[in-house]
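In this chain, residues are counted from 1 in sequence order. For ligands, and for the atoms within them, numbers begin at 1 and follow the listed sequence.
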Amino acid sequence: VIPGWFSEISPMWPGEAHSLKVEKILFQGNSEYQKVMVFQSSTYGKVLVLDGVIQLTERDECAYQEMIVHLPLCSISNPKKVLVIGGGDGGVLREVSRHSSVEQIDICEIDKMVVDVSKQFFPAVAVGYEDPRVTLHIGDGVAFLKAVTEGTYDAVIVDSSDPIGPAQELFEKPFFESVARALRPGGVVCTQAESIWLHMHIIEDIVKNCRQIFKGSVNYAWTTVPTYPSGVIGFMLCSTEGPPVDFKHPVNPIDANDRQSKSKGPLKFYNSEIHAAAFCLPSFAKKVIEPK
Ligand code: AAT
């Protein structure tokens with residue numbers, strides 16, 4: 001550990017640790033669930049860290065939040081009811097609220113401290129909470145989904161932390177089953193699905209479970225986020241049985257229906273070309289995820 005630097009050390013990426021130079025620690029606290037820290041970095045703006053793992057930086061959060069939202073929402077026409085699991089920082093809400101067809105946005109985040117700290121230190125991210133369509137529920141996403149009436153949502157977005165700690169169950173089969181139940185026929189889910197460089201075994205497991213549960217389509221997409229481990233992160237995109245969803249050919253372009261973009265600023269990362277490209281996999285990953 002180098003003095004004055006933050007290093008992201010975890011058994012989930014043994015033998016490597018990305019480091020950022022720290023200008024100033026702005027917040028440190030222990031919530032009921034995890035250690036919460038915010039620091040000012042030299043080159044990536046403010047950084048939110050939970051249990052030693054980077055959740056977002058001001059400079060590159062756009063890549064993750066825009067992709068995890070617009071990949072699913074641009075793949076179906078007219079999304080109306082959207083559920084977000086995790087995502088307490090509000091960045092996913094900010095992106096969902098760009099879609100003018102959406103009428104209801106529910107979010108279930110386990111840790112109120114993440115919400116409060118984001119509102120205090122990341123106003124351009126937490127701006128997502130200002131949309132009147134948003135209802136915040138503080139609680140465990142697993143329990144929340146079990147109580148949802150069957151067929152309620154057009155889309156579920158699982159913006160979860162890594163499967164060590166409170167998010168562990170969000171990567172397990174029973175959770176995916178309750179997501180499928182909560183979706184209408186032809187509804188879509190997009191979940192944070194780790195890195196093809198580091199976690200092929202986790203991805204293989206998720207893919208196997210999803211193929212059993214989601215009778216529509218099952219796809220893996222990925223993007224670049226420089227401050228996430230290995231610099232990339234992936235998403236599992238699935239649809240339930242019903243009207244078919246072709247994730248690789250978006251039917252609901254965001255450029256056409258971006259709403260209130262003044263308060264939120266314009267899209268910085270997502271566009272239709274990058275949407276299609278995100279589903280192209282390197283050969284080593286394709287062999288596991290899409291075996292012929
Ligand atoms: N928006 C980008 C940041 C995240 S946040 C992940 C959120 O999931 C955290 O706020 C965490 O408190 C919340 N969370 C964890 N477990 C649960 C649960 N069981 N129910 C509801 N919310 C939960 C993603 C970072 C990705 C990091 C990649 N290395």
Side-chain angles (χ1 to χ4, degrees), residues 8-13 16-18 29-38 46-69 83-96 106-119 121-122 124-129 136-148 156-172 174-175 178-179 190-199 202-203 222-236:
E8 192 186 41
I9 296 171
S10 161
M12 281 196 65
W13 37 94
E16 62 184 279
H18 187 239
N30 288 318
S31 76
E32 219 180 302
Y33 300 96
Q34 50 208 349
K35 289 200 178 87
V36 181
M37 176 178 60
V38 178
K46 283 181 221 136
V47 183
L48 174 65
V49 180
L50 298 179
D51 280 344
V53 176
I54 294 176
Q55 306 294 301
L56 62 84
T57 81
E58 288 181 312
R59 180 165 155 195
D60 66 3
E61 54 90 11
C62 60
Y64 176 80
Q65 327 262 29
E66 290 182 19
M67 291 296 271
I68 199 173
V69 170
L83 171 63
V84 180
I85 301 291
D89 51 79
V92 163
L93 301 175
R94 179 191 69 204
E95 296 308 317
V96 173
D106 294 330
I107 174 169
C108 180
E109 159 66 49
I110 202 166
D111 195 342
K112 185 166 184 296
M113 191 181 279
V114 175
V115 178
D116 295 340
V117 160
S118 300
K119 286 181 176 170
F121 295 101
F122 299 89
V125 178
V127 65
Y129 284 103
L136 169 63
H137 306 261
I138 297 293
D140 182 5
V142 175
F144 184 89
L145 264 163
K146 278 189 192 142
V148 167
V156 175
I157 296 166
V158 187
D159 177 16
S160 104
S161 31
D162 299 318
I164 296 182
Q168 192 186 325
E169 281 185 71
L170 304 181
F171 289 79
E172 293 170 0
F175 176 73
S178 46
V179 171
C190 181
T191 77
Q192 192 270 90
E194 301 297 347
S195 160
I196 49 175
W197 287 111
L198 300 170
H199 307 116
I202 300 178
I203 297 168
W222 60 289
T223 192
T224 142
V225 180
T227 60
Y228 282 168
S230 82
V232 306
I233 196 150
F235 309 102
M236 199 72 224

- Query: Among the heavy atoms of Gly91, does any lie under 4.0 Å from an atom of ligand 1?
  - Reply: no

- Of all the non-hydrogen atoms in the protein, which one sits nearest to atom 24 (C) of ligand 1, and at what distance? Asp159 OD1, 3.3 Å

- Query: In the protein, what heavy atom is nearest to atom 18 (C) of ligand 1, and what distance, to one decimal place, separates them?
  - Reply: Asp140 OD1, 3.6 Å

- Task: Among all protein heavy atoms, pick the one closest to atom 15 (C) of ligand 1 and tell me residue, atom and distance.
- Result: Ser161 OG, 3.3 Å

- Looking only at atom types and distance, does a side-chain atom of Glu8 sit under 3.5 Å from a main-chain N or O of His18, one as donor and one as acceptor? no

- Item | Under-4.0 Å heavy-atom contact with ligand 1, by part of Tyr228 that carries it | side chain

- Distance from atom 12 (O) of ligand 1 to nearest protein heavy atom, with residue and atom: Glu109 OE2, 2.6 Å

- Heavy atom under 4.0 Å from ligand 1: found in Glu169's side chain, backbone, both, or neither? neither

- How far is atom 20 (N) of ligand 1 from its nearest protein heavy atom, and which residue and atom is that? Gly141 N, 2.9 Å

- Query: Below 4.5 Å, heavy atoms only, C-beta onward: do Leu50 and Tyr33 meet side chain to side chain?
  - Reply: no

- What atoms of ligand 1 come within less than 4.0 Å of a heavy atom belonging to Ala167? 15 (C), 16 (N)

- Going by heavy-atom distance to atom 2 (C) of ligand 1, choose the closest among Leu48, Asp89, Ile107. Asp89

- Task: Select one of side chain, backbone, both or neither to describe which atoms of Glu61 lie under 4.0 Å from any atom of ligand 1, heavy atoms only.
- Result: neither

- Message: I'd like to know if Leu50 contacts ligand 1, where contact means a heavy-atom distance under 4.0 Å to any ligand atom.
- Response: yes

- Identify, for atom 14 (N) of ligand 1, the protein heavy atom at the shortest distance, and state residue, atom and that distance. Ile110 CG2, 3.9 Å

- Item | Heavy-atom neighbours of Glu169 CD exceed 12 at 6.0 Å | no

- Which ligand 1 atoms, with their elements, are less than 4.0 angstrom from a heavy-atom of Tyr64? 1 (N), 2 (C), 24 (C)

- Query: At a non-hydrogen distance cut-off of under 4.0 Å, which region of Asp162 contacts ligand 1 (side chain, backbone, both, or neither)?
  - Reply: side chain

- Identify the protein heavy atom lying closest to atom 5 (S) of ligand 1, giving its residue, its atom name and the separation to 0.1 Å. Gln55 OE1, 3.3 Å

- For ligand 1, is Gln168 a contact, meaning one of its heavy atoms is under 4.0 Å away? no

- Query: Relative to the heavy atoms of Gln65, which atoms of ligand 1 are at a distance of less than 4.0 Å?
  - Reply: 1 (N)

- Contact region, Glu194 to ligand 1, non-hydrogen atoms below 4.0 Å, reads neither

